[in-house]
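Here's the structure, in structure tokens; my notes come after.
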Amino acid sequence: MEFAAQPASASKGGRRRFLRVGLVGGAALAVGGVLAWHTRGYEVPAETARALRALGPKEFLVVRALAARIVRPDAPDMPSPDDVGVAAFVDGLVARLDAANRSDLLRLLHIVEHVMPPASGYASRFTQLPGPAQDAVLTSMMTSRVPLLRGAFEALKSLCVMGYFRDARSWAGIGYDGPLAGRPAGGWTSAASLGARVRTRSR
Amino acid sequence: MSGKLVRGRALGRGDRTESCDVVVCGAGAGGSMAARELARAGLEVVLLEEGGDHGPGDFTQREDEMIPELFAELGGRRTEDLAVLVLSGRGLGGSTLHNTNLCKRIAPEILARWRDEHGLGGLRDDVLAPLFAEVERALSVRPIPDAHVNRANAIFQRGLEALGFRGGRLSHNRDARCVGSGFCELGCAYDAKLNARRVLIPEAVAAGARVYSDARVEHVRIERGVLRHVRATTLDAAGRALGTLTIRARAVCLAGSAIGSAALALRSELHDPHGQIGRRLHIHPGAAVAGVFDERVDAWRGIPQSVECTEFLDLRAGSDKRVWLVPSFAHPVGTAAQIPGFGPSLFRQMRRYGHLVALAAMVHDETEGRVALDGGRVRVSYVPSADDRAQLALGAKGAARILLAAGAREVLVPAMPAIRIRAERDLAQITPERFVPHDARLTAVHPMGTLRMGRDPAESVVDERGRHHFVRSLYVVDGSLFPTSIGGPPQLGIYTFAMRVARGVVDDLRGA
């Protein structure tokens with residue numbers, strides 16, 4: 001897929017340039033009528049809005065939509081991203097970022113919401129796309145020929161997986177037994193007990 | 001003068017000024033060792049650290065809580081193109097809080113190269129060997145005993161032996177408190193690490209050093225070649241500014257890691273007529289390779305790294321084998337971030353979590369990256385060269401062979417698209433082209449260089465004693481010193497060079 005709103009040269013520039021060009025491109029598309037630059041329709045419950053520390057309601061909903069696809073389980077024995085509060089966790093983490101990195105991330109969320117869908121052939125913003133179309137947008141980022149888009153996808157995925165797999169409810173399904181602190185040590189198997197021969201030759 | 005350890009967050013609001021002989025900026029391996037040596041020599045020392053002070057009770061063994069606390073930029077620092085995750089530590093103890101305690105001396109081949117190519121003739125084996133030994137005694141370095149080799153490392157060793165590959169047992173600095181919890185990279189809740197925080201900082205304080213956590217150094221003020229002061233911002237628990245701490249001193253040691261020290265030097269606009277500051281960053285870029293085994297491994301339990309493979313590591317100059325292989329296992333968040341894809345396909349891979357053995361192919365890199373400032377942001381630029389990508393492929397292929405020989409049903413190389421190996425004939429899929437930025441998942445945990453030693457001021461920042469070529473009261477005591485990559489875990493080398501530089505500082509100040 002091509003990142004329509006981004007000239008090829010942006011891929012050779014830095015992160016800042018990528019984010020700046022991406023947003024300018026998105027705005028240009030909006031002016032051209034290809035994309036309606038929605039600013040409304042991002043309502044969240046008042047309690048949620050009050051609890052937000054770094055994200056606005058709009059960014060919160062973009063993260064929530066991203067998490068719903070990136071950490072969508074393969075079976076119902078695992079909790080949903082909303083069950084474990086991925087978007088709220090990301091909000092808390094972003095609040096701890098320094099100003100420059102926080103600004104970068106917020107810009108990236110706007111690019112996902114407004115620029116990536118039309119670049120992938122969709123007229124709606126990301127949060128209003130059906131799930132399979134959102135997957136297509138994310139796949140286009142993940143496999144993009146624009147290196148920074150692939151990197152941006154991995155950064156967003158990292159946030160979502162931390163928000164998801166931090167929760168103890170996600171551990172049973174993968175066979176992880178969680179922190180040992182507060183429990184008796186042990187349970188791991190030494191090489192000696194496995195009969196491994198020990199070699200000391202090194203380097 | 002009595003030493004003390006003060007949490008900057010406990011100082012409250014306001015501006016303070018202190019004086020001392022030497023101020024050390026950064027409390028990782030290098031800074032802590034330097035502070036200890038300087039204080040023991042009778043000098044007044046202030047040690048400043050941006051991160052917090054964490055005790056065993058603070059280490060919750062939870063990735064979401066510890067990664068943001070123990071790593072710079074909340075553990076999310078990436079190269080400018082977002083392709084490589086670059087991890088470095090923060091907190092009293094720096095990266096020694098989260099590292100896996102591996103201790104290896106800098107190899108004679110590396111030191112020979114430093115002498116021959118960088119004019120560092122004084123770095124002879126007979127000069128450094130006693131210092132390495134002294135550090136090893138101070139930190140109780142010893143081989144990791146059989147009883148602490150976990151199942152993943154035993155499987156790795158099984159593969160090495162099946163192929164007859166060179167390798168062996170690693171050494172570490174842990175003591176009998178170690179219960180093999182496997183949470184080393186999230187800080188030790190059992191206080192078993194004989195690291196900078198447990199050993200050196202208490203010794204520095206006992207010798208009179210004043211140690212401040214939560215104190216971010218903003219700049220070093222040098223005027224006409226003379227050190228005026230070092231200014232830090234004290235921070236609250238959320239990282240918000242509380243006040244300032246101004247230290248007037250006769251000398252300053254930079255110890256904020258290859259990234260942090262270079263950034264501080266740039267912010268401070270240190271005299272740099274040849275534009276050397278921040279250049280020649282090395283990071284040991286690493287690619288993970290995971291084997292899926294029928295047997296249950298639970299690789300997160302036990303000491304994570306106790307066996308190494310050096311079959312593909314020849315540290316002589318011009319070598320075409322520059323890869324160090326060690327086990328590399330992560331807890332669920334780190335593992336999920338490495339696995340390609342998203343949604344149900346990601347979960348299907350994570351279901352096999354308990355059956356995975358992961359190895360890291362870490363390259364003794366020739367690529368030279370750069371640390372620069374972009375407004376208020378630290379910019380880390382690093383794109384692996386074609387030669388280093390070939391080394392990544394060599395290492396990934398070697399790791400895959402080891403895992404297959406150990407009985408893996410399938411081997412996965414996290415790349416886009418993922419590489420799946422089920423037999424030797426599939427290894428041809430692993431090519432250097434698969435290790436271009438963003439296609440392979442690359443992680444780096446050993447930043448080095450950027451303020452490197454050398455005889456020629458046009459090609460380096462400090463001399464072989466760690467002293468700045470132009471600012472005579474400024475020294476470097478961390479991995480920034482290293483003129484090249486070293487091809488192994490750097491902590492022992494950093495401790496040792498910090499000790500050596502600090503003793504030179506003592507000589508200089510006493511002779512002044």
Side-chain angles (χ1 to χ4, degrees), chain A residues 14-16 69-75 78 89 93 95-101 104 135 138 142-143 147-148 150-152 154-155 157-166 170-171 173-181 185-192 194 196-203, chain B residues 59-64 67-68 73-74 76 78 80-83 107 143 146-151 153-154 157-158 161 166-170 179-183 189 238-239 298 300-302 308 310 332-333 336-337 342-344 346-348 350-351 353-354 374-377 379 416 437-438:
Chain A
R15 190 185 314 182
R16 280 286 168 82
R69 306 313 296 178
I70 290 174
V71 281
R72 181 166 66 97
D74 60 336
M78 300 286 274
F89 169 81
L93 198 63
R96 297 175 62 183
L97 284 172
D98 62 64
N101 280 312
D104 283 357
D135 285 351
L138 292 174
M142 183 174 72
T143 59
L148 273 166
R150 298 206 297 278
E154 296 302 331
K157 177 183 163 184
S158 293
L159 288 171
C160 291
V161 299
M162 181 175 276
Y164 186 86
F165 286 107
R166 86 189 195 286
S170 72
W171 296 341
I174 60 170
Y176 175 62
D177 55 0
L180 185 68
W188 56 277
T189 311
S190 72
L194 289 170
R197 186 160 52 85
V198 176
R199 295 199 309 182
T200 54
R201 181 161 61 98
S202 189
R203 272 192 31 79
Chain B
F59 299 127
T60 61
Q61 303 184 336
R62 294 183 56 93
E63 292 169 281
D64 58 313
I67 290 173
E73 295 186 16
L74 309 183
R78 288 177 180 268
E80 179 63 7
D81 63 359
L82 300 175
D146 290 358
H148 276 288
V149 175
N150 75 354
R151 189 181 287 268
N153 279 265
Q157 185 161 318
R158 190 166 80 202
E161 292 176 359
R166 197 160 56 119
R169 187 65 52 84
L170 289 157
V179 300
S181 72
F183 289 90
D298 293 346
W300 62 88
R301 295 177 178 156
E308 66 174 344
T310 53
V333 170
F342 64 91
L346 171 66
F347 280 78
R348 283 192 287 276
M350 286 300 288
R351 300 269 186 194
Y353 180 58
D374 177 9
R377 205 158 60 82
R379 191 171 66 192
M416 185 51 65
H438 298 284

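The chains referred to below are lettered A, B, ... by the order of the sequence lines, with proteins before strands, and numbering in each begins at 1. None of the values given here were measured: they were computed from a predicted structure.
Both the backbone and the side chain of Pro68(B) come within contact range of chain A, each with at least one heavy atom under 4.5 Å from a heavy atom of that chain. No part of Leu159(A) comes within reach of chain B, as not one of its non-hydrogen atoms sits under 4.5 angstrom from that chain. With a 4.5 angstrom heavy-atom cutoff, Ala95(A) does not touch chain B via any of its atoms.
Among Arg158(B), Glu63(B), Met350(B), the residue making the largest number of heavy-atom pairs under 4.5 Å with chain A is Met350(B). Considering only heavy-atom pairs separated by less than 4.5 Å from chain A, the leading option among Gly354(B), Pro143(B), Ala83(B), Pro332(B) is Pro332(B).
Of all heavy-atom pairs spanning Glu154(A) and Ala337(B), the tightest one is OE1-O, 4.2 Å. Closest of all the heavy-atom pairs between Phe342(B) and Met142(A) is CD2-SD, 3.9 Å. Between Ala336(B) and Lys157(A), the shortest heavy-atom contact is O-CE, 3.4 Å. Residues Gly175(A) and Trp300(B) share a closest heavy-atom pair of O-CH2, 3.2 Å. For the residue pair Ile174(A) and Tyr353(B), the shortest heavy atom distance occurs at O-CB, 3.6 Å. What you find for Ser158(A) and Arg78(B) is that their closest heavy atoms are OG-NH2, 3.5 Å.
A 4.5 Å side-chain heavy-atom check between Asp74(A) and Leu346(B) finds every atom pair outside the cut-off. For the pair Met78(A) and Arg351(B), the minimum side-chain heavy-atom distance is below 4.5 Å. Between Asp64(B) and Phe89(A), the closest side-chain pair of non-hydrogen atoms falls below 4.5 Å. Counting only heavy atoms from C-beta outward, the side chains of Glu73(B) and Leu97(A) never approach each other to under 4.5 Å.
Aromatic pair Phe347(B)/Tyr164(A): ring centres closer than 6.0 Å.
When the side chain to side chain donor-acceptor pair (under 3.5 Å) test is applied to Arg72(A), no partner is found at least two apart in sequence or on another chain. Under the side chain to side chain donor-acceptor pair (under 3.5 Å) criterion, Arg379(B) pairs with no residue at all, not counting sequence neighbours.
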Inset, instruction - Could you please spell out the steps behind the salt bridge (charged side-chain N to carboxylate O under 4.0 Å, His left out) verdict for Asp98(A) and Arg377(B)? - result: CA-CA 9 Å; Asp98(A) 62 64; Arg377(B) 205 158 60 82; over 6 Å; no

Inset, instruction - Evaluate the side chain to side chain contact (heavy atoms under 4.5 Å, CB included) criterion for residues Met162(A) and Ile67(B): first the C-alpha distance (whole Å), next the side-chain angles of each, then the deciding distance (0.1 Å), finally the verdict. - result: CA-CA 10 Å; Met162(A) 181 175 276; Ile67(B) 290 173; 3.9 Å; yes

Legend entry - Test side chain to side chain contact (heavy atoms under 4.5 Å, CB included) applied to Phe183(B) and Leu180(A), step by step: CA-CA 8 Å; Phe183(B) 289 90; Leu180(A) 185 68; 4.0 Å; yes

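At least one donor-acceptor pair under 3.5 Å links the side chain of His438(B) to the backbone N or O of Pro147(A).
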